[in-house]
*Asks:* 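Before I ask anything, let me first share the structure, which is written out below as structure tokens.
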Amino acid sequence: MTVSAFELIIYSGGVFLLFITPGPVWVAIVARTLAGGINSAIPLAIGVLIGDIIWPLLAIIGVNWIVSSFDKIFLLLRWFASVVFLFMGYQIIRHAGSPVKLNK
């Protein structure tokens with residue numbers, strides 16, 4: 001599996017958007033800055049940055065290894081999923097005129 005430069009740019013943009021979105025990490029950095037100054041918040045910010053780089057990289061490497069090691073199993077799962085979706089589509093078409101039943 002190869003990744004083009006365009007795909008890397010799209011992925012990097014998504015990670016950047018997640019990075020600038022306020023969340024618990026921002027609260028932790030603000031709290032650390034208010035409690036001990038900027039010098040106490042820098043290690044936390046660097047740790048978060050390193051974690052945001054390493055975690056997706058390890059996830060991609062791990063999934064790539066699983067897919068390359070068990071390619072026959074994934075082919076079987078793909079066909080099984082196709083049969084399940086076709087069956088679900090058949091059931092939807094077959095029951096198109098009947099009202100939706102409530103679960104109790």
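Keep in mind it's a predicted model, so treat the numbers as computed, not measured.
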*Asks:* Membership question, hydrophobic clusters at under 4.5 Å side-chain separation (ILVMFWY): are I61 and W55 in the same one?
*Replies:* no
*Asks:* Do you know the tightest heavy-atom contact between S40 and G37?
*Replies:* OG-O, 2.9 Å
*Asks:* Under 3.5 Å, side-chain donor or acceptor atoms of residues 66-78 against the rest of the protein: list the pairs with distances, not counting sequence neighbours.
*Replies:*
residue	atom	partner	partner atom	Å
S68	OG	N64	O	3.1
S68	OG	W65	O	3.0
S69	OG	W65	O	2.9
S69	OG	W65	NE1	3.3

*Asks:* Partners of V27 by side-chain contact (heavy atoms from CB on, under 4.5 Å), sequence neighbours excluded?
*Replies:* none
*Asks:* Please write out which residues are connected to V30 in a hydrophobic cluster, directly or through intermediates, given that two of Ile, Leu, Val, Met, Phe, Trp, Tyr count as joined at side-chain heavy-atom separations below 4.5 angstrom.
*Replies:* L34
*Asks:* Checking F6 now: which residues fulfil side-chain contact (heavy atoms from CB on, under 4.5 Å) with it, not counting sequence neighbours?
*Replies:* S4, I10
*Asks:* Got a sec, which residues hit side-chain contact (heavy atoms from CB on, under 4.5 Å) with I50, two or more places apart in sequence or on another chain?
*Replies:*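 Partners of I50 by the side-chain contact (heavy atoms from CB on, under 4.5 Å) criterion, ordered by chain and then number, come out as I46, I54.
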*Asks:* Going from CD1 on I53 to CG on L58, what distance comes out if it is rounded to the nearest 0.5 angstrom?
*Replies:*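 Rounded to the nearest 0.5 Å, the CD1-CG separation comes to 12.0 Å.
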*Asks:* Is the backbone of A41 close enough, under 3.5 Å, to the side chain of T33 for a donor and an acceptor to pair up by distance?
*Replies:* no
*Asks:* Are the side chains of Y11 and E7 in contact, using a 4.5 Å heavy-atom criterion?
*Replies:* no
*Asks:* Report, one line per pair, each donor and acceptor closer than 3.5 Å where one atom sits in a side chain of residues 12-19; sequence neighbours left out.
*Replies:*
residue	atom	partner	partner atom	Å
S12	OG	L8	O	2.8

*Asks:* Which atoms form the tightest heavy-atom contact between P56 and G51, and what is the distance?
*Replies:*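 Looking at all heavy atoms of both residues, the shortest contact is CD-O, 4.0 Å.
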*Asks:* Calculate, to the nearest 0.5 Å, the distance between atoms CZ and CZ belonging to R94 and F87 respectively.
*Replies:*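 Reported value, rounded in 0.5 Å steps: 8.0 Å.
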